[in-house]
Amino acid sequence: MFPEEFARVYRDRGYWTGQTFDDLLRERAAAHGDRIAVVDGADRVSYAQLRDRALRLAAGLHGIGVRRGDRVVVQLPNTAAYFDVVFALFRLGALPVFALPAHRSAEIGYFCAHTEAVAFVTTDVHEGFDHRTLATAAEPATLIVAGDAGGHVRLDSLYADPADVARLPAGPAADEVAFLQLSGGSTGLPKLIPRTHDDYLYSVRASAEICALGPDSIYLTALPVSHNFTMSSPGVLGVLHAGGRIVLAPRPDPATVLPLIAAERVTITAVVPPLALLWLEAVEAAADRPDLSSLAVLQVGGAKLVDTVAARIGPGLGCRLQQVFGMAEGLVNYTRLDDPDEIVLHTQGRPISPDDELRIVDERDEPVPVGEVGHLLTRGPYTIRGYWRAAEHNRTAFTADGFYRTGDLVRLRPDGYLVVEGRAKDQINRGGEKIAAEEVENHLLTHPAVHDAAVVAVPDAYLGERSCAFVVPRPGAAPLTLPALRRHMRERGLAAYKIPDRLQILAAFPVTGVGKVSRRELRAALAATQKG
Ligand code: OOB
């Protein structure tokens, strides 16, 4: 993972402490077992109960053969069961692979196959979709279902007796990989991100401090709980570290979230820019202004927040804005809570760690002058040195000396704050949801009427970006329509957010000097048709 000379420095400087996720929960349960850790509707789980549930589940999972080092794909909505499952796996040293609730058979099938997962943990029916239908895609992984298992293994049946807990083998060491997180990606198949207990918990502890979390913090989980932002920036793990309380929102719409903030006296929450706007507009339009007096901080990240919306958040919601520019691969930047408005409104923050190394370079990897836009490369105590089982891809995704190529175009201000100016990777950032162009193109190419395909981002007032599929039809094929193409993608089991929003038919693609499809020209052509 990390070269030994770096690992030594990160330990010497106190970043990596040898604490595992299991240690964290054990210590917190011992210190204040009676405090509420997780609120999921009427279910209020104390630290002691969470610890107990996780251990009994660990024993039950061990009983059906889950072992240290095994992979288990986890796809759970924002529910208390999520915490039982991940802390059970952490105790065993089995690696959760964090799927999103939006993922369907194409993604789940790939995660299970690529990681050789022994089990797939999901829910019964969520937002109208029956997740048990993913069993076939997940095979040969054992399907474990939270709720009505319909013939599969019931999660509830796996909570073993305390006697079995006592017989559990030793857990993992802190320098081992704790889980696999998903990369937003820009290639044909999603890449998996191996994070260790040591590196991740450093980012969690430091984030909790930057965000001033403490025992009185009440964090609302509006985004999917397994996303890196919600999990660790400072997210649910930061709250558990600080001894605070997690309140789970089943979905992020204002009608669900605003009353929950008022009722549970939420102090901090995290959203993507379109949600910030949606909440703002709901609050501004409400006849009866919801009581948001407890809310101290709204974190916004995952995609660029436009200055005009940034300026409305403080006055509109009566809280402090914090911009967060992070990535599941590691590096996370925050504006600080006591920064002046000029910084909070116009930058995406500065790194967590004094040992986060940033390089801003041109096309030839030469540093650009301070203040100019360039490609962001980074290395540090919680940034991965390589994707999981992706040796070939790693040769281009990282520099020879271990810097991660973020694919982001940024400007570093003289005061050390970053401004995100654009992106060089073939990715669409659809309101914080990342779409790898090549992955969608490969699915488009399976349609019989598609000869060639390219997917690019188009600007969108609400989501920031949407996706547009440019297609060169196969000669003689029946005319292609967007609904037919979208149906084809759905039938292939692709998550809905990856399915193109628009379709443009072309006779041929513009190419660059080296014969590659010119996405820049495609975007320009689209802009021209929109103006004309
Ligand atoms: C977060 O993580 P990912 O892995 O879903 O996506 C990372 C990418 C970044 O490379 C950048 O392209 C974009 O998302 N991004 C932003 C941004 N925050 C993320 N672009 C502009 N402004 C921002 N504030 O998205 C993530 C992980 C941890 C904390 C927060 C976000």
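Numbering of ligands and ligand atoms starts at 1, following listing order.
No side-chain heavy atom of Arg13 sits under 4.5 Å from any side-chain heavy atom of Pro354. Here the side chains of Ile343 and Arg350 are not in contact, with every heavy-atom distance at 4.5 Å or above. Residues Leu409 and Val420 fail the side-chain proximity criterion, which asks for heavy atoms closer than 4.5 Å. The shortest side-chain heavy-atom distance between His197 and Tyr202 does not fall under the 4.5 Å cut-off. Residues Tyr497 and His103 form a side-chain contact, since some pair of their non-hydrogen atoms from C-beta on lies under 4.5 Å apart.
Contacts between Arg423 and ligand 1, counted as non-hydrogen atom pairs separated by less than 4.0 Å, are absent for every part of the residue. Counting heavy atoms closer than 4.0 Å to ligand 1, residue Ser232 contributes nothing at all.
Ligand 1 lies nowhere less than 4.0 angstrom from a heavy atom belonging to Gln181.
For a threshold of 3.5 Å applied to N or O pairs, the pair formed by Val324 and ligand 1 contains at least one separation below that value. Taking distance alone, with nitrogen or oxygen atoms compared against 3.5 Å, Gly432 stays at or beyond that limit from ligand 1. Considering backbone and side-chain atoms alike, Asp408 places an N or O below 3.5 Å from some N or O of ligand 1. Checked by distance only, ligand 1 and Asn228 stay at 3.5 Å or farther apart across all their nitrogen or oxygen atoms. Among the atoms of Gln348, none of the N or O lies under 3.5 angstrom from an N or O of ligand 1. Checked by distance only, ligand 1 and Gln323 stay at 3.5 Å or farther apart across all their nitrogen or oxygen atoms.
Inspection of the Glu363 and His375 side chains reveals an N or O donor paired with an N or O acceptor under 3.5 Å.
Here is the list of ligand 1 atoms found below 4.0 Å of a heavy atom in Lys434: 1 (C), 3 (P), 5 (O), 6 (O), 8 (C), 13 (C), 14 (O), 25 (O). Atoms of ligand 1 found under 4.0 Å from any heavy atom of Lys425, numbered from 1 in the order shown, are 9 (C), 10 (O), 12 (O). Short contacts between ligand 1 and Lys304, defined as distances under 4.0 Å to a heavy atom of the residue, involve ligand atoms 20 (N), 21 (C), 22 (N).
Atom 7 (C) of ligand 1 has as its closest protein heavy atom Gly326 O, 3.3 Å. If you check which protein heavy atom lies closest to atom 4 (O) of ligand 1, you get Ala328 N, 3.0 Å. For atom 15 (N) of ligand 1, the closest non-hydrogen atom of the protein is Gly302 O, 3.4 Å. Scanning the protein heavy atoms around atom 30 (C) of ligand 1, the nearest turns out to be Phe229 CG, 3.5 Å.
Classified by interplanar angle (parallel below 30°, tilted 30° to 60°, perpendicular above 60°), the ring pair Phe179/Tyr200 is perpendicular.
In terms of the side chain to side chain contact (heavy atoms under 4.5 Å, CB included) criterion, residue partners of Asp401 (sequence neighbours excluded) are, by chain and number, Arg359, Arg379, Thr399, Phe403. Listed by chain and residue number, nothing satisfies the side chain to side chain donor-acceptor pair (under 3.5 Å) test with Asn429 (two or more places apart in sequence, or in another chain).
Counting only non-hydrogen atoms, the option in Ala424, Ala303, Gly407, Gly301 that gets closest to atom 23 (C) of ligand 1 is Ala303.
Under the 3.5 Å distance criterion, the side-chain polar atoms of Arg195 are matched with a main-chain donor or acceptor of Ala328. Between the Trp279 side chain and the Asp253 main chain, no donor and acceptor come within less than 3.5 Å of each other.
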